[in-house]
Protein chains: 2
Amino acid sequence: MKKTKKWDKARLLCEALSEEEDLLVNEVATRVADKWSLWTLATLAESGEPLRFSKVMATVEGISQKSLTKTLRQLERDGLVTRRVYAEVPPRVEYALTELGVELLEHVEPLWSWVAKSVGDFARARKEYDAR
Amino acid sequence: MKKTKKWDKARLLCEALSEEEDLLVNEVATRVADKWSLWTLATLAESGEPLRFSKVMATVEGISQKSLTKTLRQLERDGLVTRRVYAEVPPRVEYALTELGVELLEHVEPLWSWVAKSVGDFARARKEYDAR
DNA sequence: CAGTATCCAGATCGATACTG
DNA sequence: CAGTATCGATCTGGATACTG
């Protein structure tokens with residue numbers, strides 16, 4: 001088997017990180033893999049303009065209020081979305097993607113597409129494994 | 001804010017998936033974000049040849065035997081690694097990357113590199129958020 | 001409207017002990 | 001050597017009820 005040079009590059013980058021940074025990288029990676037986080041980001045990206053909490057909740061089917069709140073807080077904390085509160089009655093809160101959020105989506109897309117495209121391979125592997 | 005065309009492409013791919021496939025895609029994405037899974041795959045990639053259980057365990061610092069077993073089983077089930085058992089005493093079991101596993105690493109690398117490179121941005125965002 | 005607070009069931013993970 | 005089995009602490013996420 002050949003070594004994957006591309007991976008070595010990432011390894012070098014990772015080894016240059018402090019322990020604290022490594023933790024942070026891992027947490028961001030968690031966002032990337034989290035269904036709700038990604039779906040929320042994608043919802044904001046597709047909209048192209050700020051969305052209210054209730055609008056996001058309606059778009060991201062199946063998410064609970066609690067989970068959406070948590071997800072949005074995490075994304076905000078990581079600098080991926082902005083949260084703007086308007087002093088109105090009833091209250092209005094709008095969420096929007098940041099530049100960093102857009103960048104993240106753009107970097108996630110190729111991987112996600114590959115996984116989606118390869119779903120047949122994965123399904124086949126599973127079927128084979130489970131058959132034994 | 002501009003719409004992210006690239007993301008739309010992934011969205012279209014996702015919407016073409018069956019519910020079952022969607023689940024599978026999500027599970028693979030979980031592997032991608034899992035620290036142990038990725039580290040295990042990277043270990044096998046760097047080695048360039050099959051590795052014994054104990055060797056992997058020694059390389060992936062901090063992983064418990066239980067977690068490594070689970071991780072390897074998942075990776076095997078998803079067709080990312082192979083598991084070969086030699087009928088010897090004491091037993092020898094060797095793990096190796098599959099082609100699919102190599103491909104996955106190659107597709108993960110750009111994203112991972114970007115996250116690592118952007119760790120400063122994320123740290124700054126956090127610091128700002130936490131300051132409030 | 002956009003949350004917060006509380007409860008609770010299920011998944012997860014490390015540590016430990018045991019085995020083919 | 002390469003696991004499996006088990007226990008307890010921890011984390012997660014949904015459902016529900018309440019509030020500025």
Side-chain angles (χ1 to χ4, degrees), chain A residues 22-24 26-41 43-44 47 49-78 81-96 129 132, chain B residues 19 22-24 26-40 43-44 47 49-78 81-96 129 132:
Chain A
D22 186 59
L23 265 174
L24 188 50
N26 267 106
E27 283 185 49
V28 174
T30 303
R31 298 290 101 70
V32 167
D34 181 53
K35 180 186 171 184
W36 295 142
S37 294
L38 217 48
W39 199 343
T40 300
L41 289 173
T43 297
L44 294 173
S47 148
E49 52 185 46
L51 292 180
R52 303 181 65 155
F53 184 91
S54 52
K55 181 71 180 167
V56 177
M57 180 130 169
T59 307
V60 181
E61 292 169 55
I63 197 169
S64 67
Q65 197 175 33
K66 179 181 164 183
S67 290
L68 180 55
T69 300
K70 189 185 165 194
T71 298
L72 286 168
R73 290 286 186 283
Q74 288 174 334
L75 296 176
E76 187 195 1
R77 184 159 183 251
D78 289 340
V81 308
T82 55
R83 177 176 183 268
R84 192 166 306 174
V85 184
Y86 296 87
E88 301 173 0
V89 177
R92 180 161 59 106
V93 180
E94 288 187 344
Y95 294 90
Y129 181 91
R132 286 179 297 149
Chain B
E19 199 168 329
D22 187 59
L23 266 173
L24 188 50
N26 267 108
E27 283 185 49
V28 174
T30 303
R31 298 289 102 71
V32 167
D34 181 53
K35 180 185 171 185
W36 295 141
S37 295
L38 218 47
W39 200 344
T40 299
T43 297
L44 294 174
S47 148
E49 51 185 48
L51 291 180
R52 304 181 65 153
F53 185 90
S54 52
K55 182 69 181 170
V56 178
M57 180 130 170
T59 308
V60 181
E61 292 169 54
I63 196 169
S64 67
Q65 198 176 34
K66 181 180 165 185
S67 290
L68 180 56
T69 299
K70 190 185 166 196
T71 299
L72 286 168
R73 289 288 185 281
Q74 289 174 334
L75 295 176
E76 186 193 2
R77 184 159 183 251
D78 288 342
V81 309
T82 57
R83 176 176 184 268
R84 192 167 305 177
V85 184
Y86 295 87
E88 302 174 0
V89 176
R92 181 161 58 107
V93 180
E94 288 186 343
Y95 294 90
Y129 181 92
R132 284 180 298 149

Atom-pair distance ([atom1] on [X]; [atom2] on [N]), nearest Å:
X       : N      : atom1 : atom2 : result
B/Asn26 : D/dG13 : CG    : P     : 13 Å
B/Arg83 : D/dA2  : CZ    : C1'   : 8 Å
A/Leu72 : D/dG13 : CG    : P     : 14 Å
A/Leu68 : C/dC1  : CG    : P     : 14 Å
B/Arg31 : C/dT12 : CZ    : C1'   : 13 Å
B/Trp36 : C/dT12 : CH2   : P     : 16 Å
A/Gln65 : D/dC18 : CD    : P     : 15 Å
B/Leu51 : D/dA2  : CG    : P     : 11 Å

Could you say whether A/Arg73 or B/Lys66 is positioned toward the 5' end of DNA chain C, judged by the nucleotide with the nearest heavy atom to each?
A/Arg73
Partner nucleotide, any strand, of C/dA15 [Watson-Crick/G-U, under 3.5 Å]:
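Partner of C/dA15: D/dT6.
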Quick one: look up who C/dC7 pairs with, Watson-Crick or G-U, both distances under 3.5 Å, and put none if it's unpaired.
D/dG14
Counting C-beta onward and ignoring hydrogens, is there a side-chain heavy-atom pair between B/Leu75 and B/Ser37 closer than 4.5 Å?
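Sidechains of B/Ser37 and B/Leu75: in contact.
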Could you tell me if the side chain of B/Gln74 sits less than 4.5 Å from the side chain of B/Arg77, heavy atoms only?
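No, every pair of side-chain atoms sits at 4.5 Å or beyond.
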B/Tyr95 and side chain to side chain donor-acceptor pair (under 3.5 Å): which partner among B/Arg83, B/Lys55, B/Arg84?
B/Arg83
Short side-chain N/O contact from [X] to OP1 or OP2 of [N], under 4.0 Å:
X       : N      : answer
A/Tyr95 : C/dG3  : yes
B/Thr69 : D/dA2  : no
B/Ser54 : D/dA2  : yes
B/Arg84 : D/dA2  : no
A/Ser64 : D/dA15 : no

Donor-acceptor under 3.5 Å (B/Thr30 side chain, B/Asn26 main chain):
yes
Does the B/Thr43 side chain pair with the main chain of B/Trp39, one donor and one acceptor, at a distance under 3.5 Å?
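Indeed, once roles are kept as given, a pair shorter than 3.5 Å links the two residues.
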Among D/dA2, C/dC13, D/dT4, the one nearest B/Arg52 by side-chain distance:
D/dA2
Just compare D/dC1, D/dG13, C/dG14 and give me whichever is closest to any side-chain atom of B/Ser67.
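The answer is C/dG14, which lies nearest to the side chain.
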